[in-house]
Amino acid sequence: MTVKPDDHRYDLLARADNYRFVAQPEYFRLPYSTAQVVEAVSEAVAAGKRLTVRSGGHCGEAFVASPDVDVIVDLSSMSHVGYDEERGAFEVEAGATVGQIYRVLYKNYGVTFPGGFCMGVGAGGHISGGGYGPLSRLLGLTVDYLHAVEVVVVDAEGVVSTVVATREEDDPNRDLWWAHTGGGGGNFGVITRYWLRSPDAVGDAPEEALPRPPASFHVARVSWSWAELTEADYVRLVSNFLDWQLRNCTVDSPNIGLYALLECFHRSAGHLAMHAQIPVDVPDAEERMSWFLAELNEGVAVAPSVTRRRLPWLATSQLLAIPDVGPGAIGVRRKVKSADLRGAHTREQLAAAYRHLSRADYHCPSAAMEYIAYGGRVNTVDPAATAVPRGASLKTFYMVAWTDPAEDEEHLRWIREIYRDIHSATGGVPTPDEVNTGAYINYPDIDLADPEWNTSGVPWHTIYYGDNYPRLQEIKSRWDPRNVFRHAFSIRPR
């Protein structure tokens, strides 16, 4: 299906998740099959048109909706999820959303994969960037279950074809599979579908092809009032959280099943919040949660509000989903940043965060930075086995959301300054070192390529890919020699 500007559906397609960027291509193509993707790409390449691709539309920058894009291939109609008996793996089309994948895998087969908690994110970009989520400490990353990927590619002569690349050691296309284990979307071709299977799975039964999630979780929701929170309390609270995570992030820790996300909202939101969960079948699960909560608040003068309950896994997986109000409302403009940590933030960094989060001259309840539990099984995989960098024990995520275009500069300035000041010792960005492992490519931030905000001298691609970038460049040169698939942070051919 082709949608042009005179079609009443064009305006809907022009706006994805982030209303800061409104697409203006000559037309959208909405294929229903891989063959139609081949046709769409062939047509654009033959006409010399610049094209980009999207699945869920959650890109944080204008990589898809860039003003110079002529054609957008929208894969949202390609959303099948099912078991492929021939490959012995689950087939997931690129337009399937995380929420849809969870529901189909669990309700039909009793299995899951360690994906994220934003239910509307499309598989195309989520998996290829090295997706993670609340089960990653227990199960690893999405790419640790990537068995194969189907990609529509363009060769040096402009010929368009379909390639299936697998993780099998003797696959001549294995390098293309590796590139999709953390290399990010929109780099090598159009991803049309993935196949997911545990690397240690035995047999052909779908119920054994992927891990089973814990049946239910003990969940805690905690909040601290900003009105009572001093800088000393804030620093102590976050320090306690970081210290506990770093002491309990190895795969053999008895607390590895306890996942937590600390949301440090701006003071105008009225509170800080935390979500924590632990499988009920973990020995002493409720007691472990109580111990964690007690350690978290040790030395903090503010008594938190705590709600605890037991929920089935599928319900638990959706507790952190972005709601349909506030930052999840239609028409929202967004900016995000990230930094992955192997060590704790210093007292000076926490003080810098407090200073920006408590600013009286700034008002935005959705402005926040988050500390997210990570590590565990993620770091049992050889760093060279996949394209996504390993070694982090925590993730940080910075976000701000608003609706009025007239406020763009105000909110962009706030998030840029808090990020810069927290990372001031390393040039305003999380350059890989003994504390930072870099940033997460699925949270792209164009400021990392801007010398005003990155004064470290370390290029953006090192921050996102570390030592893996040269290999990704070689693969790019082989599979996309004409650089058809490109955006501001795409892999550059050698």
Side-chain angles (χ1 to χ4, degrees), residues 31-42 53 55 73 75-115 122-128 130-131 139-153 155 159-183 185 188-213 381 385-387 475 478-479:
Y32 289 85
S33 67
T34 299
Q36 290 183 356
V37 173
V38 171
E39 179 185 337
V41 174
S42 298
V53 59
S55 54
V73 179
L75 300 173
S76 57
S77 297
M78 296 179 61
S79 58
H80 172 71
V81 179
Y83 188 70
D84 183 335
E85 294 185 359
E86 182 178 347
R87 291 193 181 274
F90 286 96
E91 175 187 351
V92 176
E93 288 190 315
T97 63
V98 169
Q100 177 189 355
I101 300 168
Y102 283 156
R103 290 190 297 272
V104 174
L105 292 182
Y106 190 62
K107 289 186 176 181
N108 293 352
Y109 306 98
V111 300
T112 193
F113 80 128
H126 182 61
I127 296 174
S128 62
L139 301 178
L141 301 176
T142 58
V143 294
D144 297 334
Y145 299 85
L146 182 58
H147 177 73
V149 59
E150 180 180 75
V151 190
V152 174
V153 297
D155 69 13
V159 177
V160 181
S161 63
T162 303
V163 177
V164 174
T166 74
R167 67 178 167 215
E168 301 299 332
E169 293 292 342
D170 60 352
D171 186 344
N173 302 325
R174 192 178 189 276
D175 63 342
L176 187 60
W177 166 85
W178 185 88
H180 288 87
T181 62
F188 308 96
V190 180
I191 303 162
T192 49
R193 55 180 165 171
Y194 299 101
W195 286 269
L196 304 177
R197 179 180 171 87
S198 297
D200 57 354
V202 177
D204 298 323
E207 294 80 6
E208 304 297 330
L210 285 174
R212 300 176 185 177
V381 176
T386 57
I475 298 169
R478 176 187 175 189
W479 291 103

What do the steps show when you test Ser161 against Val38 for side-chain contact (heavy atoms from CB on, under 4.5 Å), and what is the final call? CA-CA 7 Å; Ser161 63; Val38 171; over 6 Å; no
Could you go through the side-chain contact (heavy atoms from CB on, under 4.5 Å) check for His126 and Thr97 one step at a time? CA-CA 9 Å; His126 182 61; Thr97 63; over 6 Å; no
Nearest 0.5 Å, please: how far is CD1 in Ile475 from CG in Asp175? 5.0 Å
So does Gly203 get a backbone contact from the side chain of Glu208, meaning a donor-acceptor N/O pair under 3.5 Å? no
Are the side chains of Tyr83 and Asn108 in contact, using a 4.5 Å heavy-atom criterion? no
Would the distance check show the side chain of Thr192 and the main-chain N or O of Glu150 forming a donor-acceptor pair, the cut-off being under 3.5 Å? yes
Separation between OH (Tyr32) and CD (Glu93), nearest 0.5 Å, reads 12.0 Å
For the pair Tyr145 (side chain) and Pro114 (backbone), establish whether a donor and an acceptor sit closer than 3.5 Å, ignoring hydrogens and angles. no
To the nearest 0.5 Å, how far apart are OG1 in Thr386 and CH2 in Trp177? 7.0 Å
May I ask you to decide if Gly95's main-chain N or O and Ser76's side chain share a donor-acceptor pair within less than 3.5 Å? no
With a sphere of 6.0 Å drawn around CG of Asp171, does it hold more than 12 non-hydrogen atoms of other residues, nucleotides or ligands? yes
Does Arg87 offer a backbone N or O that forms a donor-acceptor pair with the side chain of Asp84 under 3.5 Å? yes
Using a 4.5 Å cut-off on heavy atoms from C-beta on, say whether the side chain of Pro31 contacts that of Val73. yes
Check step by step if ring pair (Phe, Tyr, Trp, His ring centres under 6.0 Å) holds for Tyr109 and Phe90. CA-CA 10 Å; Tyr109 306 98; Phe90 286 96; 4.9 Å; yes
What is the distance from atom CD of Glu91 to atom NE2 of His80, rounded to the nearest 0.5 Å? 4.5 Å
Among Leu75, Val151, Thr162, Val160, exactly one meets side-chain contact (heavy atoms from CB on, under 4.5 Å) together with Val190. Which residue is that? Leu75
How long is the straight-line distance from CZ of Phe113 back to CG of Leu146, given to the nearest 0.5 Å? 11.0 Å
Rounded to the nearest 0.5 Å, what's the gap from NE2 on His180 to OG1 on Thr142? Could you check? 12.5 Å
Within a 6.0 Å radius of atom CZ on Arg212, are there more than 12 heavy atoms belonging to other residues, nucleotides or ligands? no
Before giving the answer on side-chain contact (heavy atoms from CB on, under 4.5 Å), spell out for His147 and Arg167 the whole-Å C-alpha distance, their side-chain angles and the decisive distance to 0.1 Å. CA-CA 6 Å; His147 177 73; Arg167 67 178 167 215; 3.7 Å; yes
How far apart are the closest heavy atoms of Ala148 and Val164, and which atoms are they? CB-CG1, 4.4 Å
